[in-house]
Structures are given as structure tokens and as C-alpha cells.
Amino acid sequence: RRQRQMCIETVVWQYDDLSTAAYVDGSNILSIDGRTLAELDLAENEYVYGLSYSQDGTVLTATIVSSEETERIVRLTLP
């Protein structure tokens with residue numbers, strides 16, 4: 001069986017519950033079990049700088065920055 005290695009720079013989870021972990025892979029935000037939570041439309045010079053959950057855990061916010069130092073926010077309502 002092949003092992004899959006991952007290099008994750010941006011990961012976030014709620015409280016001590018790692019089952020809520022979400023991470024960024026290129027322009028996609030994925031759950032810890034590999035489900036796609038969002039496919040972001042990023043410009044060539046943009047990347048996801050950070051992820052954060054709302055206090056009640058219903059919204060995941062992605063902070064996107066560009067090489068020109070612009071910043072925008074994308075909020076994802078979670079099921």
C-alpha cells in the first residue's frame with residue numbers, strides 16, 4: 001500500500017476536536033477526511049494566508065492575499 005505524504009501550511013480545527021480540521025491544498029479547502037469544502041477562484045498571484053472558524057463553528061473564513069499585498073476574505077457557511 002502506498003503512503004501519501006502531505007505538506008500542509010495552513011490548517012485549523014475547533015477546540016480539541018481534530019475531526020473538524022480543515023486545510024488548504026492549492027486553491028482548495030479540504031476537510032481532514034479529504035472532502036472538498038470549497039474550491040476557491042484564486043488569481044495567479046494569490047494564495048490562502050489563513051483559515052479561521054467562527055466562534056459557533058458554522059463559518060470558515062479564508063484570508064487570501066496577493067503578491068501586491070492586497071487582501072480579501074471569503075466566508076464559507078458550513079453544513
Side-chain angles (χ1 to χ4, degrees):
R1 193 171 175 183
R2 276 185 81 185
Q3 277 188 324
R4 181 173 178 206
Q5 294 182 338
M6 296 170 46
C7 178
I8 300 173
E9 292 183 21
T10 304
V11 65
V12 64
W13 60 88
Q14 296 180 61
Y15 310 108
D16 291 334
D17 186 359
L18 288 179
S19 71
T20 65
Y23 65 96
V24 176
D25 182 14
S27 62
N28 297 319
I29 299 176
L30 304 161
S31 66
I32 195 66
D33 62 2
R35 288 178 298 119
T36 300
L37 301 175
E39 294 178 4
L40 302 173
D41 185 21
L42 299 178
E44 193 173 303
N45 66 340
E46 290 182 316
Y47 62 96
V48 177
Y49 179 76
L51 293 174
S52 62
Y53 275 105
S54 61
Q55 199 163 25
D56 66 1
T58 61
V59 177
L60 184 61
T61 301
T63 303
I64 299 167
V65 296
S66 74
S67 59
E68 284 92 32
E69 298 183 12
T70 61
E71 182 178 300
R72 65 184 174 104
I73 302 292
V74 174
R75 288 184 176 81
L76 310 165
T77 302
L78 301 173

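Both backbone and side-chain heavy atoms feed into the values below; hydrogens, waters and symmetry mates do not. Count residues from 1 along the sequence. Remember, it's a predicted structure, so these values are computed and weren't measured experimentally.
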Seminar exercise, completed: Scanning both residues in full, the closest heavy-atom pair of Gly57 with Leu78 reads O-CD1, 3.7 Å
Problem set entry | Flag, side chain of Thr20 to backbone of Gln14, donor-acceptor distance under 3.5 Å | yes
Exercise. Would Leu42 and Leu37 show up in the same hydrophobic cluster when neighbours are defined by side-chain heavy atoms closer than 4.5 Å?
Worked result: yes
Problem set entry | Spacing of CG belonging to Asp25 relative to OG1 belonging to Thr10, to within rounding of 0.5 Å | 11.0 Å
Seminar exercise, completed: salt bridge (charged side-chain N to carboxylate O under 4.0 Å, His left out) filter on Asp33, not counting sequence neighbours, yields Arg35
Seminar exercise, completed: By side-chain contact (heavy atoms from CB on, under 4.5 Å), Arg75 pairs with (sequence neighbours left out) Val59, Thr61, Ile73
Exercise. Do Leu51 and Val24 pass the side-chain contact (heavy atoms from CB on, under 4.5 Å) test, and can you show the C-alpha distance, the side-chain angles, and the key distance before you say yes or no?
Worked result: CA-CA 8 Å; Leu51 293 174; Val24 176; 3.7 Å; yes
For this session: Please check if Val65 and Val74 belong to a single hydrophobic cluster, counting links between Ile, Leu, Val, Met, Phe, Trp and Tyr side chain heavy atoms closer than 4.5 Å.
Result: no
Seminar exercise, completed: One should read off an interatomic distance between Ile32 CD1 and Asp17 CG, to the nearest 0.5 angstrom, of 11.0 Å
Exercise. About how many Å separate OG of Ser31 and OH of Tyr23, when rounded to the nearest 0.5 Å?
Worked result: 7.0 Å
For this session: Looking only at non-hydrogen atoms, find the nearest pair between Ala22 and Leu60 and report the distance.
Result: CB-CD2, 3.9 Å
For this session: Output the distance between atom CD1 (Ile29) and atom CG (Leu40), rounded to the nearest 0.5 Å.
Result: 4.5 Å
Problem set entry | Shortest non-hydrogen contact between Ser54 and Thr58, atoms and distance | OG-N, 3.2 Å
Problem set entry | Within 6.0 angstrom of Glu71 CD, more than 12 heavy atoms from elsewhere | yes
Seminar exercise, completed: CH2 (Trp13) and CG (Leu18) are apart, to the nearest 0.5 Å, by 5.5 Å
Problem set entry | Polar side-chain atom of Asn28 near backbone of Leu30 as donor-acceptor pair, under 3.5 Å | no
